[in-house]
Each structure stands twice: as structure tokens, then as C-alpha cells.
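Here the structure is a predicted model, which is why all the values come from computation and not from measurement.
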Amino acid sequence: MVDVFSGRMLVSKDGRRVDAEDALQNKVVGLYFSAGWCSPCRDFTPVLCDFYTELLEETQPPAPFEVVFISSDHSAEEMAGYMRTMHGDWLALPFHDPYKHDLKKKYNVTAIPKLVIVKQTGEVITDKGRKQIRDKGLSCFRNWVEGADIFQNFSS
């Protein structure tokens, strides 16, 4: 993710600032474009939470996966509330970071929710992460890892 988030800080659910390069190194990353006011987003977020929890907390070693939330909320307070009440323990681009507009353009985000799965370089593995999680569950992660050129012993 060096190419996509180079030099940027992300924030955790509890407000901690996190260096993006450290947090995302050697991981498949899901860029989650979403907002608390969006009904389909509020429908999918718990599904993504379960997927994330199973991959990171219920597998040994934890799967090389991270989610970065890119908010379309109307305010920083809305974003924080949405993260606090519905999100998993993943990271987010700070609300006021204008880079979110570049990311939406780069990944052709015209509607939310959208989960774009990317390699370390930012190259797209799939822009249909939401559909794949709903249709295939955890089994889709193995394909993402293979597509990301990350070598890891991971069994689903």
C-alpha cells in the first residue's frame, strides 16, 4: 500500500492515529467506501464486520487483511458515530483528508457501499468485494491473496 497511502496517517475506531505504511504492509486491503446515512451500507457493514473478525481473530496466524474506510458521511461526527456503532476494528482515512476524493475517482466509485480489494501497489484485485463476500463468504479471501502476490499459509 506504499503507493496508495504513502506518507498518510489513518485513524483507528478509537481515534488513534496510525501510520498507513506500517499498518498495511504485506496485506490485502479492502477500501470500504461507505456512510452511516446510507441504508445499503448499514446493511452490509455488519456482514463485513463478521468477515473481518473471522479472518483476523479466528484464524491462526491472522489473515493478511485490512479494511480502510473511506467515508461519505456528512461530518466528522457522523463518521465517528458510524465507526463507533457499526464498524469492525479496522482503519479509516481521516474525514477531512481531501485524498478521499482522489480515491473515489481512482477506483471509479459512483455509488456506495463499495468494497474495492487492492494489492500493495493499489492495483485492483476486484471491485466487487461486497458481492463476493455475500456470495462466497470466507472462501473469496484465498482468491484475493493469490491475486495480491502475498505468500502466506492461509487456510479458510
Side-chain angles (χ1 to χ4, degrees), residues 1-59 62-134 137-138 140-141 144-145 148 150:
M1 287 312 294
V2 174
D3 297 358
V4 178
F5 288 103
S6 183
R8 297 203 175 269
M9 296 302 285
L10 300 174
V11 292
S12 66
K13 185 176 180 173
D14 61 12
R16 269 181 313 111
R17 292 171 54 82
V18 178
D19 179 82
E21 291 179 55
D22 291 344
L24 304 178
Q25 187 171 9
N26 295 323
K27 293 184 179 173
V28 173
V29 176
L31 301 175
Y32 185 40
F33 298 88
S34 180
W37 53 262
C38 162
S39 180
C41 298
R42 294 180 72 83
D43 181 50
F44 178 68
T45 299
V47 176
L48 182 58
C49 278
D50 290 346
F51 180 84
Y52 182 87
T53 299
E54 287 184 58
L55 283 176
L56 271 74
E57 294 174 15
E58 296 172 16
T59 59
F65 181 62
E66 189 54 72
V67 171
V68 177
F69 169 49
I70 293 97
S71 176
S72 290
D73 287 297
H74 299 297
S75 69
E77 294 74 28
E78 275 186 24
M79 175 182 162
Y82 180 41
M83 288 180 71
R84 199 171 38 256
T85 58
M86 294 200 72
H87 282 216
D89 250 345
W90 53 69
L91 302 172
L93 190 66
F95 180 79
H96 294 292
D97 191 328
Y99 188 52
K100 66 183 172 185
H101 303 295
D102 297 334
L103 289 170
K104 287 176 186 176
K105 186 181 237 178
K106 176 180 175 81
Y107 294 108
N108 197 26
V109 177
T110 55
I112 57 173
K114 187 161 191 169
L115 181 65
V116 181
I117 308 301
V118 298
K119 298 181 182 188
Q120 291 258 285
T121 59
E123 184 182 337
V124 174
I125 296 170
T126 181
D127 65 355
K128 296 183 174 43
R130 177 176 162 229
K131 179 174 178 11
Q132 290 182 5
I133 288 172
R134 282 203 185 275
L138 286 179
C140 64
F141 185 72
W144 299 347
V145 170
I150 293 174

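Among residues two or more places apart in sequence or in another chain, the side chain to side chain donor-acceptor pair (under 3.5 Å) test is passed with K13 by none. Under the salt bridge (Lys or Arg N to Asp or Glu O under 4.0 Å) criterion, R134 pairs with D43, not counting sequence neighbours. Under the rule for a ring pair (Phe, Tyr, Trp, His ring centres under 6.0 Å), F33 has no partner lying at least two apart in sequence or in another chain. Here E66 pairs with Y52 under the side chain to side chain donor-acceptor pair (under 3.5 Å) rule; sequence neighbours left out.
Contact record, F95 with S71: CD1-OG, 4.1 Å, taken as the closest heavy-atom pair. Across all their heavy atoms, G36 and R42 have their closest contact at O-CD, 2.8 Å. Minimum heavy-atom separation, V124 to V118: CA-CG1, 4.2 Å. Contact between V4 and G122 at its shortest, heavy atoms only, is CG2-CA, 3.2 Å. Contact between P113 and P40 at its shortest, heavy atoms only, is CD-CB, 3.7 Å.
Looking at N26 and P64, their side chains never come closer than 4.5 Å, going by heavy atoms from C-beta outward. Contact of the V11 side chain with the F69 side chain is not registered, since no non-hydrogen atoms from C-beta on lie closer than 4.5 Å. Between L93 and F5 there is a side-chain heavy-atom pair separated by less than 4.5 Å. At a threshold of 4.5 Å between non-hydrogen side-chain atoms, the residues L91 and V67 do not count as touching. Looking at heavy atoms from C-beta onward, N108 lies out of side-chain contact with D127 at the 4.5 angstrom threshold.
For residues 99-110, no pair satisfies salt bridge (charged side-chain N to carboxylate O under 4.0 Å, His left out), with sequence neighbours left out.
Here S6 contributes atom OG and L24 contributes atom CG; the two are 11.5 Å apart, rounded to the nearest 0.5 Å. Atom CD1 of I117 and atom CZ of R130 lie 13.0 Å apart (nearest 0.5 Å).
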Problem set entry | Residue pair L103, V109: steps toward the side-chain contact (heavy atoms from CB on, under 4.5 Å) verdict | CA-CA 8 Å; L103 289 170; V109 177; over 6 Å; no
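No side-chain donor-acceptor contact under 3.5 Å links E123 to the backbone of K119. Here the side chain of D73 pairs no donor or acceptor atom with the backbone of S75 at under 3.5 angstrom. Between the K114 side chain and the T110 main chain, no donor and acceptor come within less than 3.5 Å of each other.
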Taking distance alone, no hydrogens or angles, what donor-acceptor pairs closer than 3.5 Å link side-chain atoms of residues 80-87 to residues at least two apart or in another chain?
from : atom 1 : to  : atom 2 : distance (Å)
Y82  : OH     : S34 : OG     : 2.7
Y82  : OH     : T45 : OG1    : 2.6
T85  : OG1    : G81 : O      : 2.9
H87  : ND1    : W90 : NE1    : 2.9

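Tested against F51 for a ring pair (Phe, Tyr, Trp, His ring centres under 6.0 Å), the candidates F44, Y32, W144 yield a single pass: W144.
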